[in-house]
Novice: 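Quick one: the structure is below, questions incoming.
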Amino acid sequence: IVTGVQTCALPISGRAGQIIRQLREFVEKRETAREEQSLNQTIEEAIALGLVGTAHRNVKVVTELDPALPPVYIDKIQIQQVVINLIRNSIEAMQEMARREIVVRTSPAGDGAIEIAVSDTGPGLPPEVASRLFQPFVTTKDKGMGIGLSICQSIVEAHHGRIWATPNAGSGVTFRITL
């Protein structure tokens, strides 16, 4: 039970922005548990977690994981959080689509980097959202907070990587991560 009245000198949007900045700083600066990991195993586990409770959505998931990838030095939990977020976003984006398919790929990306790609057959991103996609409070969801991709970007950048989205030919979007 909370008693009393809480007040805040900042307007709601300013306070929310401050919270997001603090979350991102926490993700970027916290002690990470980075160890050599199999990226493919990390992703397979994340996909399984991301699909929990979604059987009724009739989503087909295809994996194309390069078996020759070397181990990567990552915080497994953080990278799984990113993949889970991308999987869940794709599932939500495709809910009104006749074809619901997610393809998750891993591959070498040159210069010792590895790429993760998560593609869906959803409606794609409206141009006004695509240009601001990783900014806090940008969302296409009716009940979305717009912080998931911003935090994903912080996690990927804390791993010295990059995340971006590109439209698919036809429909859908592909999120790419290099580590």
Novice: Report the residue from Thr178, Leu179, Val156 that forms a side-chain contact (heavy atoms from CB on, under 4.5 Å) with Ile163.
Specialist: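 Going through Thr178, Leu179, Val156 one by one, the side-chain contact (heavy atoms from CB on, under 4.5 Å) with Ile163 is satisfied by Val156 alone.
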Novice: Tell me, please, which residues at least two apart from Asn168 pass side-chain hydrogen bond (donor to acceptor under 3.5 Å, both in side chains).
Specialist: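 Per chain and number, Asn168 pairs via side-chain hydrogen bond (donor to acceptor under 3.5 Å, both in side chains) with Thr174.
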Novice: What's the shortest heavy-atom distance between Gly122 and Ser171, and which atoms?
Specialist: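 The answer is O-CB, 3.3 Å.
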Novice: Hey, could you give me the CD1/CG distance between Ile116 and Leu86, rounded to the nearest 0.5 Å?
Specialist: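 So the gap between those two atoms works out to 8.5 Å.
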Novice: First locate atom CD of Gln37, then atom CD1 of Ile74, and finally report the distance between them rounded to the nearest 0.5 Å.
Specialist: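 Separation between the atoms: 5.5 Å.
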Novice: Just how far is it from atom CD1 of Ile47 to atom CG of Leu65, taken to the nearest 0.5 Å?
Specialist: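 Separation between the atoms: 6.0 Å.
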Novice: Considering only residues two or more places apart or on different chains, which pairs with a residue in residues 158-170 satisfy salt bridge (charged side-chain N to carboxylate O under 4.0 Å, His left out)?
Specialist: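 Passing the test, one end in residues 158-170: no pairs.
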Novice: Which side chain to side chain donor-acceptor pair (under 3.5 Å) pairs, counting each pair once, include a residue from residues 99-117, with sequence neighbours left out?
Specialist: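 Sorted pair list: Asn40-Thr106, Glu64-Arg105, Arg99-Glu101, Glu115-Arg176.
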Novice: Keeping to residues at least two apart or across chains, list the side chain to side chain donor-acceptor pair (under 3.5 Å) pairs with something in residues 45-63.
Specialist: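 Residue pairs passing side chain to side chain donor-acceptor pair (under 3.5 Å), neighbours aside: Gln41-Glu45, Glu45-Lys76, Glu45-Gln80.
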Novice: Would a distance-only check, ignoring hydrogens and angles, find a side-chain to backbone donor-acceptor pair under 3.5 Å from Asp120 to Gly172?
Specialist: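 Checking the backbone N and O of Gly172 against the side chain of Asp120, no donor-acceptor pair under 3.5 Å is found.
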Novice: Would you call Ile87 and Leu49 a side-chain contact if the rule is heavy atoms closer than 4.5 Å?
Specialist: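 Sidechains of Leu49 and Ile87: no contact.
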Novice: Report the residues that fulfil side-chain contact (heavy atoms from CB on, under 4.5 Å) with Pro167, sequence neighbours left out, ordered by chain and then residue number.
Specialist: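 side-chain contact (heavy atoms from CB on, under 4.5 Å) check on Pro167 returns nothing, list empty.
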Novice: Going from CZ on Phe175 to CG on Leu149, what distance comes out if it is rounded to the nearest 0.5 angstrom?
Specialist: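 Those atoms lie 5.0 Å apart.
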Novice: What distance do Ile43 atom CD1 and Ile84 atom CD1 have between them, rounded to the nearest 0.5 Å?
Specialist: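 Reported value, rounded in 0.5 Å steps: 11.5 Å.
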Novice: Any non-hydrogen side-chain atom of Ile177 less than 4.5 Å from a side-chain atom of Ile79?
Specialist: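 Answer no - side chains too far apart.
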Novice: Measuring from atom CD1 of Ile114 to atom CG of Leu69, what distance do you get when rounded to the nearest 0.5 angstrom?
Specialist: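 So the gap between those two atoms works out to 4.5 Å.
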Novice: Quick check: closest heavy atoms across Pro123 and Ala93, and the distance to 0.1 Å?
Specialist: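 Here Pro123 and Ala93 meet closest at CD-O, 3.1 Å.
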Novice: For Thr42, enumerate each residue passing the side-chain hydrogen bond (donor to acceptor under 3.5 Å, both in side chains) test, keeping only those at least two apart in sequence or located in another chain.
Specialist: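 Per chain and number, Thr42 pairs via side-chain hydrogen bond (donor to acceptor under 3.5 Å, both in side chains) with no residue.
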Novice: Any side-chain heavy atom of Ile155 sitting closer than 4.5 Å to one from His159?
Specialist: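 Yes, at least one pair of side-chain atoms sits under 4.5 Å.
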Novice: Can you get from Val118 to Leu125 by hopping between Ile, Leu, Val, Met, Phe, Trp and Tyr side chains that sit under 4.5 Å apart?
Specialist: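 In one cluster: yes.
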